[in-house]
Number of protein chains: 2
Amino acid sequence: MPSMRPDASRIYRQYLSAVLLHSHASARACDLGATDLYALNILQLTGAMTPGELSARTGLTTGPTTRLIDRLEHAGYVRRVPDPGDRRKVTVEPVSEPADLDRVMAPARQRIGDILGGYTPEQLEVLFDYFTRATEAYRESAEQLRSE
Amino acid sequence: MPSMRPDASRIYRQYLSAVLLHSHASARACDLGATDLYALNILQLTGAMTPGELSARTGLTTGPTTRLIDRLEHAGYVRRVPDPGDRRKVTVEPVSEPADLDRVMAPARQRIGDILGGYTPEQLEVLFDYFTRATEAYRESAEQLRSE
DNA sequence: CCTAATCTCTTCTTCGAAGAAGAGAAATCT
DNA sequence: AGATTTCTCTTCTTCGAAGAAGAGATTAGG
């Protein structure tokens, strides 16, 4: 990060730490393992996919992936839908309203909502522009790490 | 999140997912366990603390915490410093430059740096104002989850 | 001073999740 | 139609990390 501010890097690092801290605390509060949350994020970000594809993305072999999906399905975060075109296949799709996770995330969502509510439309434009770009940047970087 | 945009919530959610995705991929690339990264984040965010305090913050008992610190120290992310005032105590402090993690995070940092470099000073003001406030919001929310 | 409290670390056991290998079902290709 | 490939799922084993209990060392209090 260039010299926009002397402490820009530090602020950003602490920001990331706080996000991760909260995410981990949320997972813990839901009795959700780290890999489970990771997979759930993949599904929410990328959309429905087959177990095989999820295996590839998580880096797990198919065995653990089956049981990972079992856990997520049992907890009500995803569901298995048979593929109409290919009856060997199953599609794993994220469920719209994951009850527990939503409840746990509510306080943070409230706080962030309050913060965002204090900005002008022009400022929000900037923020959401950043969110959109950063999403792509992190997704690409993660992809890059995965393929190394 | 109120009706600032119809897809605001979705954009923000995907943004968070991407951040977490990348973080998990980074941890994986460093052979760093989820709890290890979690603890490291606590230390980087809050600063040096005793193993007992780290135990409380991670929610672990003291046994696993000792070995968690062992792993982090061995990997070169933290170090133990004896407390001069109380010789029973040890202070665990994060090391300034964690080699592996830095290397793994470099591509993302580059991309984010490029994105931020494209904004005007006024826009950066808005972004860093958000980062600062959001850090506090997530930290408080995580604290709240921990104490439930 | 001597007891109680505090702090870290060690040991043992337990548990969850990952890997490996293969079975079973269905699609594809010759 | 038969053989091969492609999926998912099952079983068994292995491994890392968490919990419980207690030892050892140091400080604080009566």
Side-chain angles (χ1 to χ4, degrees), chain A residues 20 24-25 27-43 46 48-75 77-94 100 145-146, chain B residues 20 24-25 27-43 46 48-75 77-94 100 145-146:
Chain A
L20 298 178
H24 196 105
R28 198 180 186 83
C30 293
D31 280 317
L32 211 57
T35 311
D36 298 25
L37 183 63
Y38 180 52
L40 196 54
N41 273 319
I42 292 176
L43 286 167
T46 314
M49 64 185 68
T50 64
E53 199 175 343
L54 188 59
S55 288
R57 292 197 184 251
T58 52
L60 268 56
T61 52
T62 65
T65 302
T66 295
R67 304 209 316 206
L68 175 129
I69 298 170
D70 288 348
R71 288 194 299 272
L72 289 179
E73 188 172 37
H74 189 262
Y77 294 129
V78 305
R79 61 176 176 182
R80 285 182 169 93
V81 178
D83 186 315
D86 188 335
R87 279 189 298 192
R88 292 167 307 178
K89 289 187 180 175
V90 169
T91 303
V92 182
E93 58 184 31
D100 246 24
L145 284 176
R146 198 164 61 77
Chain B
L20 297 179
H24 196 104
R28 199 179 185 82
C30 292
D31 280 318
L32 212 57
T35 311
D36 297 25
L37 184 64
Y38 180 52
L40 197 53
N41 273 319
I42 293 175
L43 286 168
T46 315
M49 63 185 69
T50 64
E53 199 175 345
L54 188 59
S55 288
R57 291 199 184 248
T58 53
L60 270 55
T61 52
T62 65
T65 302
T66 296
R67 302 209 316 205
L68 176 127
I69 298 170
D70 288 347
R71 289 193 299 272
L72 289 179
E73 188 172 36
H74 189 263
Y77 293 129
V78 305
R79 63 176 174 181
R80 286 183 168 93
V81 178
D83 187 314
D86 188 335
R87 278 187 300 191
R88 289 167 309 177
K89 288 187 181 177
V90 169
T91 302
V92 182
E93 60 183 31
D100 247 22
L145 285 175
R146 198 164 62 76

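As a basis for the values below, the full set of heavy atoms in this structure was taken, side chains included, without hydrogen atoms, waters or symmetry mates. Values in this document were obtained by computation on a predicted structure and should not be read as measured data. Just so we're on the same page: letters track the sequence lines, and every chain starts at 1.
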Mapping A:Gly63 and A:Asp36 to their closest nucleotides on DNA chain C, which lands nearer the 5' end? A:Asp36
Does B:Ile69 or A:Thr62 map to a spot on DNA chain C nearer the 5' end, using the closest nucleotide for each?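 The answer here is B:Ile69.
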[atom1]/[X] to [atom2]/[Y] distance, rounded to the nearest 0.5 angstrom?
X       : Y        : atom1 : atom2 : value
B:His24 : A:Ile42  : NE2   : CD1   : 8.0 Å
B:Leu32 : B:Asp100 : CG    : CG    : 9.0 Å
B:Arg88 : B:Thr50  : CZ    : OG1   : 11.0 Å

The criterion is ring-ring contact (aromatic ring centres under 6.0 Å, His included); which residues satisfy it with A:Tyr77, sequence neighbours excluded? none
Need one value for [X]: base, sugar-phosphate or nothing, where a base atom within 4.0 Å counts as base even if backbone is also close, heavy atoms only.
X       : value
B:Gly52 : sugar-phosphate
B:Thr65 : nothing
B:Thr50 : sugar-phosphate
B:Pro51 : sugar-phosphate

Please evaluate the base of C:dT6 for a donor-acceptor partner in the side chain of B:Arg88 within a cut-off of under 3.5 Å? yes
Given that A:Arg80 and B:Gly85 both sit by DNA chain D, which one's nearest nucleotide is further toward the 5' end?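 By nearest-heavy-atom nucleotide position, the 5'-most residue is A:Arg80.
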Residue met sooner reading DNA chain D from 5', once A:Arg28 and A:Thr66 are mapped to nucleotides: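 This one resolves to A:Thr66.
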May I ask you to check whether over 12 heavy atoms, not counting those of B:Arg80, lie within 6.0 Å of atom CZ?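 For B:Arg80, atom CZ is crowded (more than 12 foreign heavy atoms under 6.0 Å).
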Length of the line joining A:Asp86:CG and C:dA27:P, which is rounded to integer Å: 6 Å
Terminal contacting nucleotides, 5' and 3', DNA chain D versus chain A (heavy atom, 4.0 Å):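 Listed 5' to 3', the contact boundaries are D:dT6 to D:dT10.
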Checking A:Ser55 now: which residues fulfil side-chain hydrogen bond (donor to acceptor under 3.5 Å, both in side chains) with it, not counting sequence neighbours?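 side-chain hydrogen bond (donor to acceptor under 3.5 Å, both in side chains) list for A:Ser55, sorted by chain: A:Thr65.
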